[in-house]
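A short worksheet on the structure shown next.
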Amino acid sequence: MKKILCFLLILPGLILTARSDEGMWLPILLKSIEGDMQKNGFKLTAEDIYSVNKSSMKDAVVLFGGGCTGELISNEGLMLTNHHCGFGQIQSHSTVEKDYLTEGFWAMNKKEELQNPGLSVTFIIRMEDVTQKVLSGIKDKLTETERADMIKANIAKVSGELSKESYQSVAIRPFYNGNEFYAFVTETYKDVRLVGAPPQSIGNFGGDTDNWVWPRHNADFCIFRIYSGPDGKPAEYSENNIPYKPKYFFPVSMKGVDEDDFTMVYGFPGRTQEYISSYAVDFTMNYEDPTRIKIRDARLGLMLEDMRKNDTIRIQYASKYAGVANGWKKWKGEVKGLKKTNALEKKKIYESDFKKRVGMKGKKEGEILTKLGEIYQKYTPLKAEEVYFSEVYNGIEHLALANKTAALLTIPDEALLKAEALKLIPGAEGFFKNYTASVDHKIMAALLKIYAEDLGENRLPPYLLTLKKQYNNNWQEFADAYFKTSVFTDFGRFKAAMENPNLKTLSADPAILLANGMSLWYNSEILPPVGRMITSIDSLNRLYMTAQRTYMTEKKFYPDANSTLRVTYGRVEGFSPDDGITYSAFTTLDGLFEKNMAQPENPDYTYNKKLHTLYIKKDYGKYAAKDGKIHTCFIASNHTSGGNSGSPVLNDKGELIGINFDRCWEGTMSDINYDVSLCRNISADIRFVLFVVDKVAGAGYLLNEMKLIK
Ligand code: ARG
Ligand code: ASP
């Protein structure tokens, strides 16, 4: 009886209080959770993580390229990130003769490092709360457009006023759904050279088979070096540049981690939606994700069929397949996790509690949810159509080229037309390099069939409805005729058509007709109403966010991820994804070779020979754990997201113990509903990484630059 009572008393708390493991905190606001972190084992202070007065950990964390994280590990600009984050660079230096993807690459001195045009890393110099300035003059009465315009003007003004050096930049970003604004002063370095990358059989061991999955056995890392101008400031690539001297770099722990140890991750998570309404959760879980999964199921199956049969296709489609599969697998996990954690029910309970509290205070904010509910009634079906549309349209590979080429149809001047048409050839050549028409052909027929069958006739673009009737819903037949004639499905035909553009034939090309037929309808029937509804939803979400913070006072509110620098902390711990299954927190090299033995024919499980030799001889040097094995990866309850890839994983003393690279798919709903019983981030053990650098690659000289903690 007593137990039941306790349970009842605790229940609301369970629903409403963020567990210590949940949260992606802005480093500038860490003071408020410093105590919690220390209670969980952290030995340092908020000031050690972020300080404007002294060097701190934030000086060793960078935004890498478009959307990953990297960390400094030496006084000479040495930086770690994931293999999958540096993949594009590694690939760009690779040829059939020097295949760095397969063989790996290691510079044996600074001269051998490879430059990477277009790649940059960004440091956060400081951040500042500028909410009051950005919102000055903003009144409740303003329309959304007026508000947005005023904020834009205020942001421009505040950006101009912030003190910074000429080589620094300022960005002001909205937080808490546009209720708060923070300014970031940043420094971007553009001379970032590749130092080393393991072969794919180590960096991406497990490939797509293991992506998002635990247990994992890959060392998903590569190493770059950041260079500055001779004056230590950001500079374009030059031979005269010098290795960047960071204000801070992470010491590397050789002691490893144990179950239950405190861990923290410092990086740039991309996007989460922890405070959305039940209507939005319903949309993601019951409409958006299932649609995307269904259409990608078809796409991936057809791609794989041909990739398995033909090596050229396998290589052409490797990266496309990985990209399509990455989202597909994540969403499958997200739906499973949302259902398993009763996310929708929990939101509904939370919302009725919210309304009750608002009502008790005699206030009106409960109406926000009523209004959101009304909008979602119209928004959900329309937005679901948009999801169908975009998965189908983007799934037909050549449509983007047709759409781009359609712009020629508006050029009246013949000379100009010719010039513009010629300009399209080089880009198209790149596209066709990784294209096989027979694959696109099958996929187009399958996707249009799904689209035409799943959407009501009055919700199909009229052009597709006509085709549906004309071909009696036989999309294979439609595709067969189409692929015989269109210039967009064959480079030779396309090139000839661009060298001699004829508007009449071009405008009758089936691909132009399809691209136009679909996009005209989309631009008139879907985009405008969806856009209007999103504006209303955004504005209601902004009010809802404030109201949640006002009434749900026992809950800890951290701002949703938005690609800004965050700290999250947790513990090294396994979990039980399903009844009867328990995942342990570590993996070892044993498991890597076991996977190969179980599926010797799976190319994702091809192991590296050198690694195997070391394994047989147990030649582990100083990198083995206490149990005498090489620990490969570990999982922990850090709240991470896409963009956290490459992030430093640190112990209680702020020493590097791993590199974050993924999450367990059973917990990918963490972007919407973090649940510590199911959500884990996956990291490569830093000792495995150093073992590969030293023993496999023979680049142990790099360790001399690092600060190893024994
Ligand atoms: N799941 C990882 C993250 O979302 C990507 C891992 C890349 N590796 C792969 N085999 N596709 O980015
Ligand atoms: N793999 C992701 C990334 O590349 C990380 C994640 O989603 O957990 O950022």
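Keep in mind the model is a prediction, meaning the values are calculated, not measured. Atoms within a ligand are numbered from 1 in the order they appear, just like the ligands themselves. Starting from 1, each residue takes its place in the sequence as its number.
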Open item on the list: Does ligand 2 come near enough to Asn660 that some N or O of the ligand is less than 3.5 Å from an N or O of the residue?
Closed with: no
- [ ] Report yes or no: is the cationic atom of Lys336 (NZ for Lys, CZ for Arg) closer than 6.0 Å to the six-membered ring centre of Trp665, at no more than 45° off its axis?
- [x] yes
Open item on the list: Using 0.5 Å steps for rounding, measure from the OG1 atom of Thr640 to the CG atom of Asp662.
Closed with: 8.5 Å
Task: Mode of Asp220 contact toward ligand 1 - side chain, backbone, both, neither (heavy atoms, under 4.0 Å) - done: neither
Open item on the list: For Lys340, I'd like to know if atom NZ has over 12 heavy atoms of other residues, nucleotides or ligands within 6.0 Å.
Closed with: yes
Open item on the list: Can you name the atoms of ligand 2, numbered from 1 with element, that are less than 4.0 Å from a heavy atom of Arg663?
Closed with: 6 (C), 7 (O), 8 (O)
- [ ] Output the list of atoms in ligand 2 that are nearer than 4.0 Å to some heavy atom of His84, sorted by atom number.
- [x] 1 (N), 3 (C), 4 (O)
Task: Any N/O pair Trp212/ligand 2 closer than 3.5 Å - done: no
Open item on the list: Atom OH of residue position Tyr287 - does it have more than 12 heavy atoms of other residues, nucleotides or ligands inside 6.0 Å?
Closed with: no
Open item on the list: Among all protein heavy atoms in this structure, tell me which lies nearest to atom 2 (C) of ligand 1, with the distance rounded to 0.1 Å.
Closed with: Asp662 OD1, 3.4 Å
TODO: Would you indicate whether the side-chain heavy atoms of Tyr615 and Asp590 approach each other to under 4.5 Å?
DONE: yes
- [ ] Heavy-atom distances under 4.0 Å are what count here, so tell me which part of Cys85 touches ligand 2: side chain, backbone, both or neither.
- [x] neither
Open item on the list: Looking only at protein heavy atoms, which one is nearest to atom 2 (C) of ligand 2, and what is the separation?
Closed with: Ser645 OG, 3.0 Å
Open item on the list: Side chain or backbone, does Phe661 bring an N or O within less than 3.5 Å of an N or O on ligand 2?
Closed with: yes
Open item on the list: So if I apply the side chain to side chain contact (heavy atoms under 4.5 Å, CB included) rule between Leu702 and each of Leu690, Leu78, Ile73, which one comes out positive?
Closed with: Leu78
TODO: Please indicate whether any nitrogen or oxygen in Ser645 is less than 3.5 Å from any nitrogen or oxygen in ligand 1.
DONE: no
- [ ] Give, for atom NE2 of His83 and atom CZ of Phe205, the distance between the pair rounded to the nearest 0.5 Å.
- [x] 14.0 Å
Task: Sub-3.5 Å N/O-N/O distance, Gly643 and ligand 2 - done: yes
Open item on the list: Cation-pi check for Trp331 against Arg292: NZ or CZ below 6.0 Å from the six-membered ring centre and within 45 degrees of the axis, yes or no?
Closed with: yes
- [ ] May I ask you to check whether the SG atoms of Cys664 and Cys679 are separated by less than 2.5 Å?
- [x] no
Task: Cation-pi check, Lys320 onto Tyr317 ring (under 6.0 Å, within 45° of axis) - done: yes
Open item on the list: So if I count the atoms of ligand 1 from 1 in the order they appear, which ones are less than 4.0 Å from some heavy atom of Asn204?
Closed with: 10 (N)
Task: Contact atoms of ligand 2, heavy-atom distance to Asp662 under 4.0 Å - done: 1 (N), 8 (O)
Open item on the list: Out of Ser319, Gly207, Gly203, who is nearest to atom 10 (N) of ligand 1 when you count heavy atoms only?
Closed with: Gly207
TODO: Distance to 0.1 Å, residue and atom name: give those for the protein heavy atom nearest to atom 6 (C) of ligand 1.
DONE: Asn211 OD1, 3.2 Å
- [ ] Mark up the atoms of ligand 2 that fall under 4.0 Å of a heavy atom belonging to Asn644, in ascending order.
- [x] 9 (O)
